[in-house]
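Below: one structure, written as structure tokens.
Everything numeric here is computed off the predicted structure, so don't read it as measured data.
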Amino acid sequence: QVRLEESGGGLVQAGGSLRLSCVASGRTFSNYCMAWFRHAPGKEREFVAAIRLSGGSTYYADSVEGRFTISKDNVKNTMYLQMNNLRPEDTAVYYCAAKAGLVTATPKYDYWGQGTQVTVSS
């Protein structure tokens, strides 16, 4: 069993920054990939970014490319999402997710955290 726990959400003004963290526990993750999704009211759950834990390849949605950076610390089993130049349209609940094997932008991940709220005011 894998447990994921997010933290770091909050309220920030447009143009500001936040860093989300996701701590993974329960098993080894060398062949896993991890991702961030977000879910805003009235919208579908949306892929944000993903990273392979082995090798560190990263993937981003077009809407966040150049503003958000995904990273990892394998020793701490922690994934991060540095979010800069935030916009009101980034407001959502952000979830981390994990799965074995290849990265996908669809929400077909096996494990999910409980989510953390990010609110960007204009």
Side-chain angles (χ1 to χ4, degrees):
Q1 185 67 19
V2 174
R3 180 182 177 190
L4 303 175
E5 185 169 358
E6 305 98 333
S7 62
L11 173 64
V12 64
Q13 289 188 332
S17 298
L18 283 174
R19 189 176 83 155
L20 306 183
S21 299
C22 174
V23 178
S25 60
R27 60 176 298 160
T28 58
F29 302 96
S30 59
N31 65 330
Y32 271 56
C33 60
M34 296 183 71
W36 290 98
F37 285 79
R38 64 188 182 185
H39 193 188
K43 295 185 178 180
E44 300 277 332
R45 186 168 294 196
E46 177 188 20
F47 170 79
V48 175
I51 187 166
R52 294 188 63 180
L53 298 188
S54 177
S57 297
T58 57
Y59 309 83
Y60 295 94
D62 290 344
S63 58
V64 306
E65 180 90 51
R67 300 188 298 124
F68 291 10
T69 303
I70 190 171
S71 62
K72 62 181 176 68
D73 183 330
N74 285 357
V75 174
K76 296 181 179 179
N77 279 348
T78 302
M79 175 179 66
Y80 304 97
L81 185 68
Q82 177 66 43
M83 305 185 294
N84 297 329
N85 192 19
L86 282 160
R87 304 167 179 168
E89 54 264 38
D90 295 316
T91 295
V93 177
Y94 283 70
Y95 297 89
C96 70
K99 65 182 292 290
L102 299 177
V103 167
T104 175
T106 65
K108 294 181 179 179
Y109 284 70
D110 298 316
Y111 305 101
W112 292 84
Q114 82 288 350
T116 185
Q117 176 71 47
V118 171
T119 302
V120 184
S121 63
S122 57

Approximate separation, where rounding is to 0.5 Å, of [X] [atom1] and [Y] [atom2]:
X	Y	atom1	atom2	answer
L18	L11	CG	CG	8.5 Å
E46	D90	CD	CG	8.5 Å
S54	N31	OG	CG	8.5 Å
K72	M79	NZ	CE	11.5 Å

Query raised in the report: So if you build clusters from Ile, Leu, Val, Met, Phe, Trp, Tyr with side-chain heavy-atom gaps below 4.5 Å, do Y111 and L81 land together?
Result: yes
Query raised in the report: Honestly curious: do V12 and L20 fall in one hydrophobic cluster under the side-chain, below-4.5 Å linking rule?
Result: yes
Query raised in the report: Does a side-chain heavy-atom distance below 4.5 Å link Y59 with F47?
Result: yes
Report task. Side-chain contact test, heavy atoms from C-beta onward, threshold under 4.5 Å: evaluate it for F68 versus L86 and give yes or no. Result -> yes
Report task. Under the side-chain contact (heavy atoms from CB on, under 4.5 Å) rule, what do T69 and Y80 come out as? Steps first, then yes or no, please. Result -> CA-CA 8 Å; T69 303; Y80 304 97; over 6 Å; no
Query - From CA spacing to verdict: side-chain contact (heavy atoms from CB on, under 4.5 Å), M34, I70 - result: CA-CA 10 Å; M34 296 183 71; I70 190 171; over 6 Å; no
Which heavy atom in [X] sits nearest to a heavy atom in [Y], and how many Å separate them?
X	Y	result
S17	N84	OG-OD1, 2.9 Å
T91	V120	OG1-N, 2.9 Å
Q114	E6	OE1-OE1, 2.9 Å
D110	A100	OD2-N, 4.1 Å
A14	S122	CB-CA, 4.4 Å
T104	Y109	O-OH, 2.7 Å

Query raised in the report: Is the closest side-chain donor-acceptor distance between Q117 and T119 under 3.5 Å?
Result: yes
Query raised in the report: Does the side-chain contact (heavy atoms from CB on, under 4.5 Å) test come out yes or no for E89 and S63, once each step is laid out?
Result: CA-CA 10 Å; E89 54 264 38; S63 58; over 6 Å; no
**Report entry** Check: Y94 main-chain N/O paired with T116 side-chain donor or acceptor under 3.5 Å
**Finding:** no
Query raised in the report: Judged by atom type as modelled, is there a donor-acceptor pair below 3.5 Å linking the side chain of R52 to the main-chain atoms of S57?
Result: no
Report task. Show your reasoning for whether side-chain contact (heavy atoms from CB on, under 4.5 Å) applies to V118 and M83. Result -> CA-CA 10 Å; V118 171; M83 305 185 294; 3.9 Å; yes
Report summary line: The single option from L53, L102, V103 that satisfies side-chain contact (heavy atoms from CB on, under 4.5 Å) with C33 is V103
Query raised in the report: With sequence neighbours left out, which residue pairs that include part of residues 86-122 fulfil the disulfide bond (SG atoms under 2.5 Å apart) condition?
Result: C22-C96
